[in-house]
Amino acid sequence: MDYTLNCNGRLLDLSTPQVMGILNVTPDSFYADSRQQTEEDIVLRTRQILQEGGSMIDVGACSTRPGSEPATEAEELERLRFALSLIRREAPDAVVSVDTFRPAVARMVVEEFGVDVINDVSEGADAKIFRTVARLGVPYILMSVQPTMREMLLHFAREVDELRSYGQKDIILDPGFGFGKTLEQNYEVMREMEQLEMLHLPVLVGVSRKSMIYKLLETDPSQALNGTTVLNTIALTKGASILRVHDVKEAVEAVMLTAKCQSLIANC
């Protein structure tokens, strides 16, 4: 999709799919190798994401692992201040996204650290976060917990209209793989994902090492890289504009190879 995000005055072109690298500063994210809590780990992970070709860094400070106890707002703010100060020092020009469902946290990270994108990980976004992000003027990732594509499209259409009424400009849709869906429903949504194109908005896909992969393959998150790459490639053929991943190099390669094949097919 030919779409450009305005990230604090810098334009991010999504006509070529972008790769968003995950940087978790939580002690309890579902994939243990994604947890970075020390200063050294955060700096090294920041460098790795950018060196491997990631164009966005997605910082999470409150785990969304099923069954986990959410961090308090104070804990989330403290973790983010620590991590973002290091990321901005190491890579001041990087496009940074923050995962949060709290309006006060969204406001702090944008106003104090110039965060470029808010990635709403709530299971039911509401007017308060909508109004906050619209006032902040940054792109907003809207996730769906709806279990079917039909319900997802209906909810997305209503929520996008509400966001527009508050003046929100850039909106990215996230089908919410792993949220509110059974294993089979995740794959049904993937199968029908190109239907999201009717909303004329970019789509973010986050399947990296999730249970929809390792439960089907009867393994665990540490063995889910190959499955992640397969599903990322399928998602790219169905219109994904952003891949949110733990493994940046492999996702960047999937983008390059898929683009090459699609270009050859288009020229036949």
If you look at every heavy atom in Asn6 and Leu11, which pair is closest and at what distance? CA-CD2, 4.1 Å

Under 3.5 Å donor-acceptor, Gln18 side chain and Asp13 backbone: yes

So, taking the atom named CD in Glu39 and the one named CG in Leu44, what distance separates them when rounded to the nearest 0.5 Å? 10.5 Å

Checking Met198 against Leu153 for the side-chain contact (heavy atoms from CB on, under 4.5 Å) test, could you report, in this order, the C-alpha distance in whole Å, the side-chain angles of both residues, the deciding distance, and whether it holds? CA-CA 9 Å; Met198 70 177 65; Leu153 286 167; 4.2 Å; yes

Smallest separation among heavy atoms of Pro221 and Arg209, with atom names: O-NH1, 2.8 Å

Between Leu201 and Arg164, what is the shortest heavy-atom contact and its length? CD2-NH2, 3.5 Å

Exam field: side chain Ser85 to backbone Phe82, donor-acceptor pair closer than 3.5 Å: yes

Take Met143 and Phe101, measure what side-chain contact (heavy atoms from CB on, under 4.5 Å) needs, and give me the verdict at the end. CA-CA 11 Å; Met143 189 185 76; Phe101 58 90; over 6 Å; no

Flag yes if more than 12 heavy atoms outside Lys238 fall under 6.0 Å of its NZ atom; otherwise flag no. yes

What one should report as the nearest heavy-atom pair of Leu183 and Ser211 is CD1-O, 4.3 Å

Verify side-chain contact (heavy atoms from CB on, under 4.5 Å) between Met190 and Val207, making sure each step is shown before the conclusion. CA-CA 10 Å; Met190 177 70 75; Val207 296; 4.1 Å; yes

Verify side-chain contact (heavy atoms from CB on, under 4.5 Å) between Met108 and Thr100, making sure each step is shown before the conclusion. CA-CA 11 Å; Met108 184 281 288; Thr100 190; over 6 Å; no

What I'd like to find out is whether the side chain of Gln48 reaches to under 4.5 Å of the side chain of Val248, using heavy atoms alone. no

Might you work through the salt bridge (charged side-chain N to carboxylate O under 4.0 Å, His left out) test for Lys128 and Asp120, ending with a clear yes or no? CA-CA 12 Å; Lys128 192 171 182 181; Asp120 189 348; over 6 Å; no

Do the side-chain N and O atoms of Thr26 and Asn24 include a donor-acceptor pair separated by under 3.5 angstrom? no

Between the side chains of Glu162 and Arg158, is the shortest nitrogen-to-carboxylate-oxygen separation below 4.0 Å, so that they form an ion pair? no

Taking a hydrophobic cluster as the set of Ile, Leu, Val, Met, Phe, Trp and Tyr residues connected by side-chain heavy atoms closer than 4.5 Å, whether directly or through intermediates, do Leu257 and Ile234 fall within one such cluster? no

Working to the nearest 0.5 Å, report the span between NE2 of His155 and CE of Met152. 10.5 Å

Exceeds 12 heavy-atom contacts within 6.0 angstrom, atom CZ of Arg150: no

Sequence neighbours excluded, which residues qualify as side chain to side chain contact (heavy atoms under 4.5 Å, CB included) partners of Arg135? Arg131, Thr132

Is there a path of hydrophobic side-chain contacts, each under 4.5 Å between heavy atoms of I, L, V, M, F, W or Y residues, that connects Leu225 with Phe177? no

If you round to the nearest 0.5 Å, how far is CZ of Arg244 from CG of Asn119? 6.0 Å

In this structure, which one of Lys181, Glu184, Gln146, Gln195 forms a side chain to side chain contact (heavy atoms under 4.5 Å, CB included) with Val189? Lys181

I'd like to check Thr46 versus Leu86 (side-chain heavy atoms, cut-off strictly below 4.5 Å). Are they in contact? no

Is there a side-chain contact between Val203 and Ile242, using heavy atoms and a 4.5 Å cut-off? no

Would Leu243 end up clustered with Val230 when hydrophobic side chains under 4.5 Å apart are linked, directly or stepwise? yes

Start with the C-alpha gap between Arg79 and Glu76, add the side-chain angles, then the distance that decides, and say whether salt bridge (charged side-chain N to carboxylate O under 4.0 Å, His left out) holds. CA-CA 5 Å; Arg79 292 170 184 172; Glu76 187 179 8; over 6 Å; no

Contact between Ser122 and Ile129 at the side-chain level, heavy atoms closer than 4.5 Å - yes or no? no

Does any part of the side chain of Leu163, heavy atoms only, come nearer than 4.5 Å to the side chain of Tyr140, both counted from C-beta? yes

From Arg107 atom CZ to Glu112 atom CD, the distance as rounded to the nearest 0.5 Å: 10.5 Å

Examine distances only and state if a side-chain atom of Asn8 and a backbone atom of Gly114 form a donor-acceptor pair shorter than 3.5 Å. yes

Are Leu77 and Val121 in one and the same hydrophobic cluster, where Ile, Leu, Val, Met, Phe, Trp and Tyr link if side-chain heavy atoms are under 4.5 Å apart? no

Taking the side chain as C-beta and beyond, is there a heavy-atom pair between Asp116 and Arg10 under 4.5 Å? yes

Within 6.0 Å of CD in Glu73, more than 12 heavy atoms from elsewhere: yes

Would you indicate whether the side-chain heavy atoms of Phe179 and Asp174 approach each other to under 4.5 Å? no

Rounded to the nearest 0.5 Å, what separates atom OG in Ser208 from atom CG in Asp58? 11.5 Å

Output for pair (Leu80 CG, Glu75 CD), nearest 0.5 Å, gives 11.5 Å

Heavy-atom closest pair (Pro202 atom, Leu14 atom, distance to 0.1 Å) is CB-CD1, 3.6 Å

Under a 4.5 Å cut-off applied to non-hydrogen side-chain atoms, are Met212 and Tyr187 in contact? yes

Closest heavy-atom pair and its distance - Ile172, Pro139: CD1-CB, 4.0 Å

Do Leu154 and Phe130 belong to the same hydrophobic cluster, where Ile, Leu, Val, Met, Phe, Trp and Tyr are linked whenever their side-chain heavy atoms lie under 4.5 Å apart, directly or via other members? no

